[in-house]
Amino acid sequence: MTKRILIVDDESLIREYFISFFKTTSEYSNFKIDLAVNGEEAIAKIKNNDYDLIFTDLKMPIKTGIDVLKFVASHSPETDTVLLTAFGGPEAAAQAMAYGAYEYLTKPVSIEELEMIVKRIFERQELIRENDNLQKKLRENTTYSKIIGKSKSLEGILDLVKMVAPTNSTVLVVGESGTGKELIAEAVHMLSPRAKNNFVKINCAAIPENLIESELFGFEKGSFTGAIKSTRGKFEIADKGSILLDEISEMNLDLQSKLLRVIQEKEIVKIGSEMPIKVDTRIIATSNRNLVEEVKKGTFREDLYFRLNIVPIQLPPLRERMADIPYLCEHILKKVCFELGIQKKVMTNECLDLLLKHDWPGNIRELQNALERACITSQGTSLRPESFYFMNQFANLEPKNESDAGYSMPSISNDNNYVEDSLDWIKFADRSFDDIEKEIILKTLKKTNNNKTETANILGITTRTLRNKLVFYGEEN
């Protein structure tokens, strides 16, 4: 592999000595060798070229070797440097190491010393390159193993992920609930140079409005009741990494303005503090709402939308990538059966044809739930069309009587018997699963005086899930 090397020394004999070494050593003879007579000229060359290795003298006019090392450390930290000095010993070593040099050599430099250090540096660079390639392959395999499908629309999305991942650009992933937005966000992070650092997730819909600011930015001790110690926020934890703002459309306008400042200034201010903290955090946001419509309604800031929408990734609903259903079913069945500790189930062709006729309003999450229910309620190793009797579209497949259903009323916590008592036992054989679920939700809401947080806790779901279900059933304004 061709390397590019810079020799920096104000003595022409030293420069000629290094050129002679590289040109007469067969394995290095095709290397590109650049020369600089002082630190100022060297810095100018480093600005315009990528070097694999730099040799620089310590004492030179105008700018010294230390100036060169400092510039390399900030401008091109991946470049290896060797400091040349007329005076060896611990002091020279300390100077070299303090400013990021890989090694130092004492003048006059022998051929043996030069051969040894050049060989050692290039072997190290090759190991680093191989390790980086291996880590990248591992990240790709691990990340994409979670994203199942071979449809053209999915391939196009993955191509876009590969293009945007190496950059620092903000990414906005939009799509209906259950389409896999979080997996795409994770892929963006894992395929980026930030993959070695934290990927912090925060669900904007699941955290109460009075807590989300402290979650994002942190707080100082004593800044509010219960703040017994200073705490870092998610942005600070994700410094040099990425942060996922899941369902960002749920964020209130006041917090949106503070987030806009973080994007613009790349700094945060903890609650109870006036001192800004610089952060280098890549933002990946998701939303299941049309943010353009939210901007028109005045519930989402237009300037924040434009800041987030630098690289939009639109995920198609499952009904628009039906070709992926067979692959998804195979993957989900294997995972579900393993987690349930049961023998692996397989799909019959009739069953698969049936699933392909459904429009899947809940997308991949609905498919996973349907397959899990079918695995639990079906005997034998094969899933058949009747395994999915609970789906609205296949109501004619429901068992004729309750004993054949193999399905019972979902249990409610014993601490909330008053809700169970109010439901007047519903027979599954006579109604669809969605009808039953809707009635359970509405009766529980009525019992809690429309308190959604309490209702979600009773039903064992998140407030976000409750809100999505109400929207699905047409009960949310």
Side-chain angles (χ1 to χ4, degrees), residues 146-155 157 175-181 183 288 315-410 426-441 461 465 468-469 471-474:
K146 299 178 183 179
I147 302 172
I148 309 300
K150 297 184 178 180
S151 62
K152 288 185 178 180
S153 59
L154 184 61
E155 287 180 358
I157 288 168
E176 297 178 6
S177 293
T179 50
K181 298 187 292 295
L183 289 180
N288 62 2
L315 296 191
L318 185 55
R319 60 185 173 273
E320 293 180 10
R321 43 177 289 214
M322 300 295 274
D324 290 334
I325 285 183
Y327 303 103
L328 286 165
C329 287
E330 181 181 4
H331 173 78
I332 293 170
L333 284 175
K334 182 178 179 180
K335 177 175 179 287
V336 166
C337 292
F338 175 79
E339 291 175 350
L340 293 175
I342 61 177
Q343 186 178 3
K344 184 180 176 182
K345 307 277 187 178
V346 296
M347 303 277 286
T348 61
N349 289 334
E350 295 82 5
C351 185
L352 186 57
D353 289 342
L354 194 62
L355 298 185
L356 290 170
K357 294 177 182 177
H358 187 46
D359 62 0
W360 302 105
N363 296 294
I364 299 172
R365 191 176 295 121
E366 182 188 1
L367 175 63
Q368 181 168 340
N369 292 343
L371 290 170
E372 184 172 349
R373 292 190 199 110
C375 286
I376 293 172
T377 60
S378 299
Q379 295 182 346
T381 59
S382 297
L383 296 182
R384 302 185 181 281
E386 55 268 25
S387 303
F388 297 88
Y389 69 87
F390 48 80
M391 295 170 62
N392 277 354
Q393 285 76 357
F394 316 128
N396 61 313
L397 297 172
E398 293 179 4
K400 293 182 179 179
N401 60 66
E402 192 173 293
S403 62
D404 293 335
Y407 208 107
S408 60
M409 186 70 178
I426 306 166
K427 293 185 178 180
F428 273 32
D430 299 324
R431 303 183 54 193
S432 71
F433 183 86
D434 285 344
D435 283 345
I436 297 168
E437 184 182 62
K438 177 180 177 181
E439 185 170 350
I440 290 173
I441 290 172
I461 60 178
T465 299
N468 289 340
K469 287 183 178 295
V471 171
F472 177 71
Y473 293 127

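We use all heavy atoms of the structure for the numbers below, so side chains are in, but hydrogens, waters and symmetry mates are not.
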For the student: nearest non-hydrogen atoms of A323 and P326, plus distance: O-CD, 3.4 Å
Check: W360 side chain, L355 main-chain N or O, donor-acceptor pair, under 3.5 Å: yes
Under the salt bridge (charged side-chain N to carboxylate O under 4.0 Å, His left out) test, residues paired with K150 that sit two or more places apart: none
Distance-only check: which donor-acceptor pairs under 3.5 Å involve side-chain atoms of residues 336-346, not counting sequence neighbours?
from	atom 1	to	atom 2	distance (Å)
E339	OE2	K335	NZ	3.1
K345	NZ	S378	O	2.9
K345	NZ	G380	O	2.6

Heavy-atom side-chain contact between L352 and I325 under 4.5 Å: yes
Nearest-0.5 Å distance, CG of residue L367 to CG of residue L328: 6.0 Å
E330 atom CD, neighbour heavy-atom count above 12 within 6.0 Å: no
Residue list, side-chain hydrogen bond (donor to acceptor under 3.5 Å, both in side chains) with N288, at least two apart or on another chain: S177
Distance (rounded to the nearest 0.5 Å) between N349 CG and L356 CG: 10.5 Å
Which residues share a side-chain contact (heavy atoms from CB on, under 4.5 Å) with T348, sequence neighbours left out: E350, C351, S382, R384, P385
side-chain contact (heavy atoms from CB on, under 4.5 Å) against S153, all qualifying residues, sequence neighbours excluded: S151, P316, R321
Shortest non-hydrogen contact from L371 toward C329: CD1-CA, 3.9 Å
Residues which pass side-chain hydrogen bond (donor to acceptor under 3.5 Å, both in side chains) with E176, listed by chain and number, not counting sequence neighbours: R319, N363
Gap between atom CD1 of I364 and atom CG of D324 - 0.5 Å precision: 8.0 Å
